[in-house]
Amino acid sequence: MDVLEKLTILTDAAKYDAACTSSGGSRASRKGYIGNTSASVAGCCHTFSADGRCVSLLKVLMTNCCVFDCKYCVNRRSNDTRRTAFTPRELADLTINFYRRNYIEGLFLSSGVLRSPDYTTELMIRTLRILREEYRFNGYIHAKAIPGTAPELVEQLGFLADRMSVNIELPSEAGLRTLAPDKTKQAILSPMRQIQQRGRQSKEELVKYRHAPKFAPAGQSTQLIVGATGDNDLHILRLTQGLYDRYKLKRVFYSAYVPVVEHALLPSRDTKPPLLREHRLYQADWLLRFYGFRAEELLDEAHPDFNPLVDPKCSWALAHLDFFPVEVNTADYETLLRVPGVGVISARRILAARRARRLRPEDLQKMGVVMKRAQYFLTASGKRAEGLHFSQQSLLGNLIAAEAPQLPQPEAEQLSLFQPVYA
């Protein structure tokens with residue numbers, strides 16, 4: 001099998017991994033090296049894959065051979081699919097040639113488990129060493145740490161990569177036992193803890209020694225599969241909150257489960273991926289990271305799943321109407337962030353503008369406030385938006401109507417010629 005055939009198979013096999021990001025790198029150009037991680041705002045330029053996805057890196061597996069038998073995975077050992085693997089030299093040459101042709105600005109490298117986690121990680125390390133030491137590649141590299149890999153190999157990989165990730169994939173330990181029996185919670189969390197601790201040590205060493213080697217300077221991320229198991233949004237969000245608190249992750253990615261295999265323990269092949277649910281989890285994740293919310297504020301045991309018709313911030317506001325309306329001329333920054341339609345930038349603009357004058361309702365839209373949501377929850381100089389009339393009973397309907405054009409629309413149905421028509 002030639003390299004092009006391998007590339008076709010192994011890029012296609014990597015498409016289900018959503019934890020692909022290029023933000024966080026800040027390494028500038030160096031004399032005698034090629035590439036950097038600051039060529040754009042995100043650190044990498046963008047390219048398009050064959051199926052239309054916009055990606056910024058060469059996203060590929062080292063191999064799709066795997067000794068694990070995760071029931072949801074297209075690369076599991078019991079699945080009948082074409083198998084192949086790159087040699088370290090082949091993948092390094094391919095990456096550097098793509099870079100020189102300006103196809104890519106970096107590499108996202110994951111892998112199935114060939115023979116064992118340690119053997120596979122050694123192949124990945126050899127690939128990155130060729131890139132970093134022989135080709136003197138200074139660009140962005142994101143590498144996957146495979147659960148069960150020896151700590152010394154995880155450390156070697158971390159000194160070669162800009163960002164690392166360990167995919168949790170299934171949100172619960174029960175789900176792991178059922179669908180991924182070869183993986184354990186400890187095997188996943190151990191390298192995650194090691195990456196977090198070694199990254200902190202690296203930053204401390206850099207304070208003392210300016211030229212100390214950097215360990216995964218762009219941090220780490222992970223991915224959770226949504227919809228493969230019966231875990232509710234509250235469970236997923238609590239797990240996310242714990243990962244941010246304990247492991248200082250840069251990002252948690254959510255991947256709507258795409259039924260690619262038929263199994264009694266999984267949703268049927270004709271089940272549509274829960275894309276709207278994935279979207280709501282990303283919105284809630286944003287609230288955790290930038291708006292000061294906690295998982296237990298957004299959901300509880302009585303309401304363990306998000307309302308798909310409104311965004312999580314609106315859902316919280318509807319459950320806490322006693323908190324509103326917020327007066328924009330006196331509210332502090334944290335309070336402004338709780339208002340639906342007010343973001344981080346618009347809240348800062350409000351704080352800056354009100355130092356000079358009192359704000360009026362007509363001033364807010366100019367500052368980036370999304371008034372179709374915010375108008376119900378704030379006042380400016382004691383006034384609401386002109387002509388606004390609503391009740392507590394109509395508020396939910398108004399918010400649903402405001403967001404409806406952005407939601408997936410039902411598919412058009414072809415009517416039968418003989419279908420009865422009712423007046």
Using the salt bridge (charged side-chain N to carboxylate O under 4.0 Å, His left out) rule, take D233 and R280 through it: C-alpha gap first, then chi angles, then the decisive distance, then the call. CA-CA 9 Å; D233 293 343; R280 295 303 182 206; over 6 Å; no
Please lay out, stage by stage, how L378 and L364 fare under the test side chain to side chain contact (heavy atoms under 4.5 Å, CB included). CA-CA 10 Å; L378 53 72; L364 299 177; 3.5 Å; yes
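- Between atom NZ of residue K272 and atom CG of residue L275 there is a gap of 10.0 Å, rounded to the nearest 0.5 Å.
- Heavy atoms of other residues, nucleotides or ligands lying less than 6.0 angstrom from CZ of R126 number 12 at most.
- Figure legend: cation-pi geometry between R338 and F324 absent, as NZ or CZ is not positioned both under 6.0 Å from the six-membered ring centre and within 45° of its axis.
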For a side chain to side chain contact (heavy atoms under 4.5 Å, CB included) check, start with the C-alpha distance between I141 and L128, then their side-chain angles and the critical distance, and finish with the verdict. CA-CA 8 Å; I141 295 177; L128 301 193; 3.8 Å; yes
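- A side-chain donor-acceptor contact under 3.5 Å links K6 to the backbone of A85.
- Separating the CG atom in N167 from the CD atom in Q223 is a distance of 4.5 Å, to the nearest 0.5 Å.
- Between the CZ atom in R289 and the CG atom in L249 there is a gap of 10.5 Å [rounded to 0.5 Å].
- Note: K250 NZ to L243 CG = 15.0 Å, rounded to the nearest 0.5 Å.
- In this structure, L287 and K313 have side chains that are in contact, with non-hydrogen atoms separated by less than 4.5 Å.
- With salt bridges taken as basic N to acidic carboxylate O contacts below 4.0 Å, one links E169 and K183.
- Side chain to side chain, R193 and Q196 meet the donor-acceptor criterion of an N or O pair below 3.5 Å.
- Closest approach of M164 and V154 over heavy atoms only: CE-O, 4.0 Å.
- Under the 3.5 Å distance criterion, with hydrogens and angles disregarded, no donor-acceptor pair is assigned to the side chains of S111 and T63.
- Screening T121, L153, L114 for a side-chain contact (heavy atoms from CB on, under 4.5 Å) involving I146 leaves a single residue, T121.
- Of the residues L58, L109, L57, the one that meets the side-chain contact (heavy atoms from CB on, under 4.5 Å) test with T95 is L58.
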Apply salt bridge (charged side-chain N to carboxylate O under 4.0 Å, His left out) to the pair E5 and R82, showing each step before the final yes or no. CA-CA 11 Å; E5 286 182 284; R82 292 182 73 193; 3.8 Å; yes
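- Between Y72 and Y257, the ring center distance fails the sub-6.0 Å criterion.
- Taking 4.0 Å as the cut-off between side-chain N and carboxylate O, R200 and E205 do not count as a salt-bridged pair.
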Pair L321, F377 - check side chain to side chain contact (heavy atoms under 4.5 Å, CB included), show working. CA-CA 8 Å; L321 290 176; F377 301 101; 4.1 Å; yes
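- Considering only residues two or more places apart in sequence or on other chains, R294 meets the side chain to side chain contact (heavy atoms under 4.5 Å, CB included) condition with Q241, D245, E296, E297.
- Taking 4.5 Å as the limit, every side-chain heavy atom of L107 sits out of range of all side-chain heavy atoms of K59.
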Worked verdict on E301 versus R238 for salt bridge (charged side-chain N to carboxylate O under 4.0 Å, His left out): CA-CA 12 Å; E301 297 295 343; R238 280 175 173 167; 3.1 Å; yes
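- A donor atom on one side chain and an acceptor atom on the other are found under 3.5 Å apart for D285 and Y244.
- A distance-only check finds no donor-acceptor pair linking the side chain of Q156 to the backbone of I125 [under 3.5 Å].
- Screening L237, L276, D311 for a side-chain contact (heavy atoms from CB on, under 4.5 Å) with F306, the sole residue that qualifies is L237.
- Checking D69 against S78 by side-chain atom types alone, a donor-acceptor pair falls below 3.5 Å.
- Residues D363 and R349 are not paired through a salt bridge, judged by the lack of any N-O separation under 4.0 Å between the basic side chain and the carboxylate.
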Quick one, Y291 with L288, criterion side chain to side chain contact (heavy atoms under 4.5 Å, CB included). Give me CA distance, side-chain angles, the key distance, then yes/no. CA-CA 6 Å; Y291 287 75; L288 298 183; over 6 Å; no
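- Of the N and O atoms on the side chains of D231 and T229, at least one donor lies less than 3.5 Å from an acceptor on the other residue.
- Looking at Y254 and T240, their side chains do bring a donor and an acceptor atom within 3.5 Å of each other.
- The aromatic rings of Y140 and H142 stand perpendicular to each other, their planes meeting at an angle above 60°, with 30° marking the opposite boundary.
- In this structure, NZ on K144 lies 7.0 Å from OG on S221, to the nearest 0.5 angstrom.
- Judged by distance alone, the side chains of E327 and T379 do bring a donor and an acceptor atom under 3.5 Å apart.
- The cationic group of R115 lies under 6.0 Å from the six-membered ring centre of Y119 and within 45° of the ring axis, placing it in a cation-pi geometry.
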For D93 and Y135, what are the C-alpha separation, side-chain angles and deciding distance, and is it a side-chain hydrogen bond (donor to acceptor under 3.5 Å, both in side chains)? CA-CA 9 Å; D93 287 350; Y135 289 120; 2.2 Å; yes
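- Between the side chains of T81 and N79, not a single donor N or O lies within less than 3.5 Å of an accepting N or O.
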